[in-house]
There are 2 protein chains.
Amino acid sequence: MVTMRDVADAAGVSIATVSRVLNDTRPVNESAQRSVHRAVEELGYRRNLVASSLRRQRTRSVAAVVPHIANPYFPRLIQAIERGLAADEHQLLIADSQDDPAVERDRVAALADRQVDGLLLVPCHEHDSAASLEGLALPYVLVDRTIAGLAADRVGSDDVAGMRGVITHLRARGRHRLVFVGSAPDTSTARQRLEAFLAEVGPDAPILLGDYSLDWGRRAASMLLARAETGHDGLPDAVVCDNDLVAIGVVRGLRDAGVDLPRAVAVTGYDDVGFAEVCDPPLTTVHQPVDAIGQTAVRLLLERAGGEDPAPREVRLAPELVIRASTAGGGSR
Amino acid sequence: MVTMRDVADAAGVSIATVSRVLNDTRPVNESAQRSVHRAVEELGYRRNLVASSLRRQRTRSVAAVVPHIANPYFPRLIQAIERGLAADEHQLLIADSQDDPAVERDRVAALADRQVDGLLLVPCHEHDSAASLEGLALPYVLVDRTIAGLAADRVGSDDVAGMRGVITHLRARGRHRLVFVGSAPDTSTARQRLEAFLAEVGPDAPILLGDYSLDWGRRAASMLLARAETGHDGLPDAVVCDNDLVAIGVVRGLRDAGVDLPRAVAVTGYDDVGFAEVCDPPLTTVHQPVDAIGQTAVRLLLERAGGEDPAPREVRLAPELVIRASTAGGGSR
DNA sequence: GCCGAGTGGGAAAACGATTTCACCCGACGA
DNA sequence: TCGTCGGGTGAAATCGTTTTCCCACTCGGC
């Protein structure tokens, strides 16, 4: 390994001078600068960032912990984060909490041991994730979701507004028999979307809660069909889902059973993942400003990592209703 | 920050002893062990991995550089890699090369400066990516794709076999007028899939080359429709795509134009991303053993990082044809 | 000729761990 | 009684940087 020592020897100066030239921290004689640069070039010297980090007490690296990397919403978020960081010469370290608070806690601790300068956390649980941050001496920003009772920076979108927009839209299209299909409200976003639905439609509105998957959407569709069979009021005229994966599952489940979509039943999603647009019928959904969320989160975090210590900030970006064919046509009664 | 010095003082031993207890590198008196453990507990000591890395000359971290994190194939790969690494107490550092060899090169260099123990690279270009590895003194494994003329470990799947399987299947279903729609053969996988197609169907078989996106699939569909309009031989009876994104775009494009899928035209994809199954019609595609690819890549890399230096190994895992409705029904002539 | 200010540069002390080296002590065999 | 062997320990060197501290020199003004 080529070290600063080697460069210093080759350039005929001390390592202190090499460091000054490379970091431009103090004025150095022109000719010394030139010979240092030449030596660096000739020897192919590259700074060892581990040593640098140890001495400077900062690593220029940031950790991101997400519940499940493979879920289509997170890669886009990670992409935005990675770009924001790279623009500032920071490196991204990634961990997947596998939707398990215990794993999340381990991963956060391991990353803190690596002396990352900050943490971006998408908490996997509204309550249990609190333990992941306990006693952590590290700037962090919560992304997308919050943790109950924790005053911290958070960047996300306004889920109540988003869900209200969906319901307003459906009603304007003459849909009035709404069912909610979502994931269990273990996260702040799932809870808020559910609560917004109940607040708009009524506390006794029908809801089905499962997990965040295509398969759950399919099963929920069967449940709706079974319920319609056994009397009651037939199918709802709109199914409101709290994410796109579930919505697409519902669409498949209903279509496979021969239900006339979207005429008989409208379906809405949430998140606007890439496939929502090419689904058949294309899915009406709530677009999350995911680039802005990622970039803002990075900005807030780097501010804190840079020593600023403002009161906790809550940034709620406006989501946007994207109307597509899955809510076209009028209600059937 | 609590350092080993603090622990040593609290336990009444030297820092050397603390290190020995924590790393179990040399026998230490029982009672000393106990007091060290107690001190660690009481002070909440956590090892500083930056300092440890500097001294040990290894960071227990591995870098992964992928062309585009948000493309649905890569998150699954990253997930497999992350799990494999976490099981071995290694941390994953991620970078996105944005499909640009120059960016790729920068990112790889930045990661090497961080002294990662190894690199997993999905090269963004079959030729130009060679520059990213030039003069790199770091164990690496190529994942999914290869680089021309480079003898290195590589883990991927057998694209020729996969593409052959698709064509055999289509012919068995009576489809004989095949068109290939894919991305430009800048990567080894795209090239091999294209070449396998040409080898099977004939060197003059019709092909359309674009990029790796839904939108290109849609545009390709319009081109096929336009061509069919202007005389010639009408539409092909099967469209063979070199990835699922493009295939789904083609499906949408044809359906929107009123083409009867899959009766009139069969469409196949490649990769088996999650949405292939819920596409309408569900997409016949080639499933990549992505978990196995990720795990194997990690294993090979850690072997090399551990000091082994075998001859370059090429691991080609068998892909699997997944037959779904998009290739059902017989050809129309 | 002396002083103060301003440049430029090197030696050495950090940063926080791991590891080498040297040594002590008790037990054991001759 | 005398090596010597092995467990147990600590001081100090080490990893490769950054930064502090100090010194040497020049220049301008008196």
Side-chain angles (χ1 to χ4, degrees), chain A residues 1-37 39-40 43-61 89 91 110 112-117 137-138, chain B residues 1-37 39-40 43-61 89 91 109-117 137-138:
Chain A
M1 170 180 259
V2 182
T3 73
M4 257 176 153
R5 174 81 267 153
D6 302 320
V7 173
D9 290 350
V13 297
S14 73
I15 59 172
T17 299
V18 176
S19 174
R20 285 167 192 145
V21 171
L22 264 32
N23 296 305
D24 197 23
T25 47
R26 272 190 34 187
V28 170
N29 181 305
E30 278 264 343
S31 82
Q33 290 198 33
R34 269 197 302 275
S35 45
V36 166
H37 282 130
V40 165
L43 299 175
Y45 168 78
R46 305 237 70 193
R47 183 201 315 250
N48 181 327
L49 287 183
V50 171
S52 175
S53 296
L54 175 60
R55 174 63 230 226
R56 288 216 225 229
Q57 298 288 83
R58 61 185 297 228
T59 53
R60 292 191 85 82
S61 66
E89 309 259 276
Q91 180 61 51
D113 290 351
R114 290 201 132 77
Q115 313 295 116
V116 294
D117 294 337
L138 190 66
Chain B
M1 170 180 260
V2 182
T3 72
M4 258 179 157
R5 174 82 266 153
D6 302 320
V7 174
D9 291 350
V13 297
S14 73
I15 59 171
T17 299
V18 176
S19 174
R20 283 167 194 144
V21 171
L22 264 31
N23 295 305
D24 197 23
T25 46
R26 280 197 23 195
V28 170
N29 180 304
E30 278 264 346
S31 82
Q33 290 197 33
R34 269 197 301 276
S35 45
V36 167
H37 282 129
V40 165
L43 299 175
Y45 168 77
R46 305 237 68 193
R47 185 201 314 253
N48 181 327
L49 288 183
V50 170
S52 175
S53 296
L54 175 60
R55 176 62 230 229
R56 286 215 226 229
Q57 299 288 79
R58 61 185 298 229
T59 54
R60 293 192 85 82
S61 66
E89 309 258 275
Q91 179 62 52
L111 287 159
D113 290 351
R114 290 202 134 76
Q115 313 294 117
V116 294
D117 295 337
L138 191 65

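Not measured: the values here are computed from a predicted model. Below, chain A is the first sequence line, B the second, and so on; all start at residue 1.
The two residues B:R114 and A:V50 come nearest to each other via the heavy atoms O-CG2, 3.7 Å. Scanning all heavy atoms of the two residues, the minimum distance from A:V36 to A:V7 falls at O-CG1, 4.2 Å. Between B:S35 and B:A11, the shortest heavy-atom distance links the atoms O-CB, 3.7 Å. Residues A:R47 and A:N23 come closest through the heavy atom pair NH1-OD1, 2.7 Å.
Side-chain atoms of A:S19 never come within 3.5 Å of backbone atoms of A:I15 as a donor-acceptor pair (strictly under, hydrogens ignored). Under the 3.5 Å distance criterion, the side-chain polar atoms of B:Q33 are matched with a main-chain donor or acceptor of B:V28.
With rounding to whole Å, A:D9 atom CG is found 11 Å from C:dG10 atom P. Taking atom CG of B:L22 as the reference point, atom P of C:dG16 lies 16 Å away to the nearest angstrom. Between B:N48 atom CG and C:dA14 atom P the separation is 18 Å, expressed in whole Å. What separates CG of A:D113 from P of C:dA17 is a distance of 10 Å, to the nearest Å. A straight line from CE of B:M4 to C1' of C:dT18 spans 8 Å, rounded to a whole angstrom.
If one axis is set at each end of the helix from C:dG1-D:dC30 to C:dA30-D:dT1 from five pairs, those axes are 60° apart, to 10°.
The CG atom of B:L54 lies 6.5 Å from the CG atom of A:N48; values are rounded to the nearest 0.5 Å. Distance CD/B:E89 to OG/B:S61: 13.0 Å, rounded to 0.5 Å. Atom CG of B:L49 sits about 12.0 Å away from atom OG of A:S53, to the nearest 0.5 Å. In this structure, CZ in A:R46 is found 4.0 Å from CG in B:D113, a value given to the nearest 0.5 Å. Taken from CD in A:Q115 to OG1 in A:T59, the straight-line distance is 7.5 Å, to the nearest 0.5 Å.
In this structure, B:V50 reaches neither bases nor backbone, as no heavy-atom distance under 4.0 Å exists between it and the strands shown. Contacts of B:T3 with the nucleic acid, taken as non-hydrogen atoms under 4.0 Å apart, involve only primed sugar atoms and P, OP1 or OP2. When heavy atoms are screened at a 4.0 angstrom cut-off, B:I15 is found touching base atoms of the nucleic acid.
First and last contacts of DNA chain D with chain B, using any nucleotide atom under 4.0 Å from a protein heavy atom and ordered 5' to 3', fall at D:dG8 to D:dG16.
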Short N/O separations, protein against nucleotides 21-25 of chain C, under 3.5 angstrom:
| unit_1 | atom_1 | unit_2 | atom_2 | d |
| --- | --- | --- | --- | --- |
| C:dC21 | N4 | B:R26 | NH1 | 3.4 |

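Legend: residues meeting salt bridge (charged side-chain N to carboxylate O under 4.0 Å, His left out) with A:R56, ordered by chain and number and at least two apart, are absent.
With distances taken from any side-chain atom of B:T25 to the nucleotides C:dG16, C:dT18, C:dT19, the minimum falls on C:dT19.
Residue pairs satisfying the salt bridge (Lys or Arg N to Asp or Glu O under 4.0 Å) criterion with at least one member in residues 6-24 of chain B, sequence neighbours excluded, are listed as follows: B:R5-B:D9.
Residues A:M4 and A:L22 are in side-chain contact: their nearest non-hydrogen atoms beyond the backbone lie under 4.5 Å apart.
Annotation: proximity of residues 52-61 of chain B to DNA chain D (heavy atom, distance under 4.0 Å) is found for B:L54, B:R55, B:Q57, numbered in ascending order.
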